[in-house]
Amino acid sequence: MTKSPLRSARTIGVLAITQLIGWGTTFESLGVLGRSIAPDLGLANEMVFAGLSVMMLASAFCGPLVGRLLGRHGAAKVLAAGSVFFCVGLLVLSLANGLPLYAVAWILLGAGGAFCLSAPAYAAVVEREGTKGRRGITILMLFTGLSATIFWPLLSLGNDLIGWRTTLMVCAFLHLFVCVPLYLFALPKPIGWDTAEAGVDAPPVAFTARQGKLAFLLVATATTIASFASYGVSPSLLELLRQSGATPEFALQLAAARGVIGISARAFDMLLGKRGNPFITAVTGNSFMILGFLSLIVLPSSTATLWIFIGLYGIGSAVLQVAKALLPLALFSPRDYGRQAARLSMPQNLANALAPVVFTALLDRSGALTVLVVTVLLAGSALTGILFLMHLVRQSNRMAASHSVTAR
């Protein structure tokens with residue numbers, strides 16, 4: 001099947017719209033609606049925001065199932081099923097009258113996230129682009145990074161005009177009447193997996209069975225540790241900045257700048273195109289994270305130090321997200337991408353669910369210095385894992401080259 005620029009644009013356009021709706025109406029929704037939901041349900045704010053942890057835990061446990069379904073039924077049907085989960089979950093959330101129904105809603109939304117957000121969408125790109133899916137994934141990540149920017153004002157307006165319950169119902173119907181049809185009828189057909197020219201069965205690296213298992217373990221460990229560090233710091237960023245010398249107003253300014261820096265970093269990676277390398281991206285992201293947090297430890301507290309930190313942290317955390325999505329494509333065959341990416345999502349989502357609780361406790365009980373040191377150690381461990389992975393890839397490539405010469 002011919003892959004044209006128009007076909008690629010259609011793929012990215014459909015997935016950008018649906019991923020924006022997916023992230024904006026679920027994961028990002030509590031940022032606007034959470035403090036309206038809490039008093040209506042008679043729950044503490046922290047209990048309401050714990051819904052996000054429930055969502056990520058549910059997503060983690062659904063990850064292996066999603067991987068199998070992607071291989072069996074393809075991404076379009078899996079994504080559509082995710083939107084149905086989102087629709088039902090948001091309707092249940094809009095009808096919640098206490099903790100039990102509220103928790104059920106977030107379990108359903110977590111299942112929707114596993115079926116619908118990130119890894120399955122990237123698998124849809126790879127199904128339609130094959131080995132050339134790298135740039136499409138990066139472009140898609142650039143769009144989805146704007147979900148809060150687009151949906152926070154819309155959710156706020158809806159909350160003011162029609163209340164949070166009706167706003168969530170509207171969000172539910174967006175999934176049912178916009179996302180499901182787009183997934184099932186607007187996405188281009190996958191490339192012919194049964195054609196030899198697609199090259200979908202050939203992994204980029206000729207691992208032995210043992211090396212393949214070790215590569216998966218290394219990428220899972222490195223990306224999970226990096227996610228734990230990045231997601232752990234993010235919710236506590238304002239308090240970390242304040243304890244590092246920023247005024248509340250300046251901390252808000254720095255946090256807003258981090259978002260712009262992150263989108264710019266993803267855009268730069270997108271512009272690299274084929275010249276980019278997910279291994280180098282992963283090394284760069286972890287290195288910037290280490291340098292950023294070290295700057296707050298070793299440099300004197302000042303405005304310049306805080307700007308250096310937010311610049312390094314913003315770039316590092318953004319490009320790590322890109323690397324996390326692209327590393328499976330650099331290691332495994334396009335046909336196997338969806339399954340492996342979904343398997344990787346389980347430990348990553350578990351880390352994302354636990355990290356904010358752990359880092360908040362560390363910051364409140366031990367202070368900013370402890371958080372900074374722990375983050376440097378975590379990023380250093382993730383960097384070590386990536387370096388071992390790169391060594392394994394080089395070793396495998398040398399073995400393959402040697403066998404090729406011998407065969408001649």
* Asked: Any side-chain donor-acceptor pair under 3.5 Å between Thr370 and Arg365?
  -> no
* How many angstroms lie between atom CG of Leu168 and atom CG of Leu91, to the nearest 0.5 angstrom? -> 9.0 Å
* Asked: Is a donor on one side and an acceptor on the other found under 3.5 Å between the side chain of Ser29 and the backbone of Thr26?
  -> yes
* **Aromatic ring pairing Trp307/Phe250, orientation class (parallel under 30°, perpendicular over 60°, tilted between)** => perpendicular
* Could you walk me through whether Leu79 and Thr18 pass the side chain to side chain contact (heavy atoms under 4.5 Å, CB included) test, one step at a time? => CA-CA 9 Å; Leu79 289 164; Thr18 52; over 6 Å; no
* Structure fact -> Leu52 and Phe27 have their tightest heavy-atom pair at CD2-O, 3.5 Å
* Within a radius of less than 6.0 Å around CZ of Arg35, do more than 12 heavy atoms belonging to other residues, nucleotides or ligands occur? -> no
* Asked: Does the Thr167 side chain pair with the main chain of Gly158, one donor and one acceptor, at a distance under 3.5 Å?
  -> yes
* To do: Look at the aromatic rings of Phe115 and Phe85 and report parallel, tilted or perpendicular, splitting at 30° and 60°.
  => tilted
* Quick one: sort the His175 and Phe86 rings into parallel, tilted or perpendicular, breaks at 30° and 60°. => tilted
* Output yes when a side-chain donor or acceptor of Thr375 lies under 3.5 Å from a complementary backbone atom of Val371, and no otherwise. => yes
* Asked: Any donor-acceptor pair under 3.5 Å linking the side chain of Arg165 with the backbone of Ser94?
  -> yes
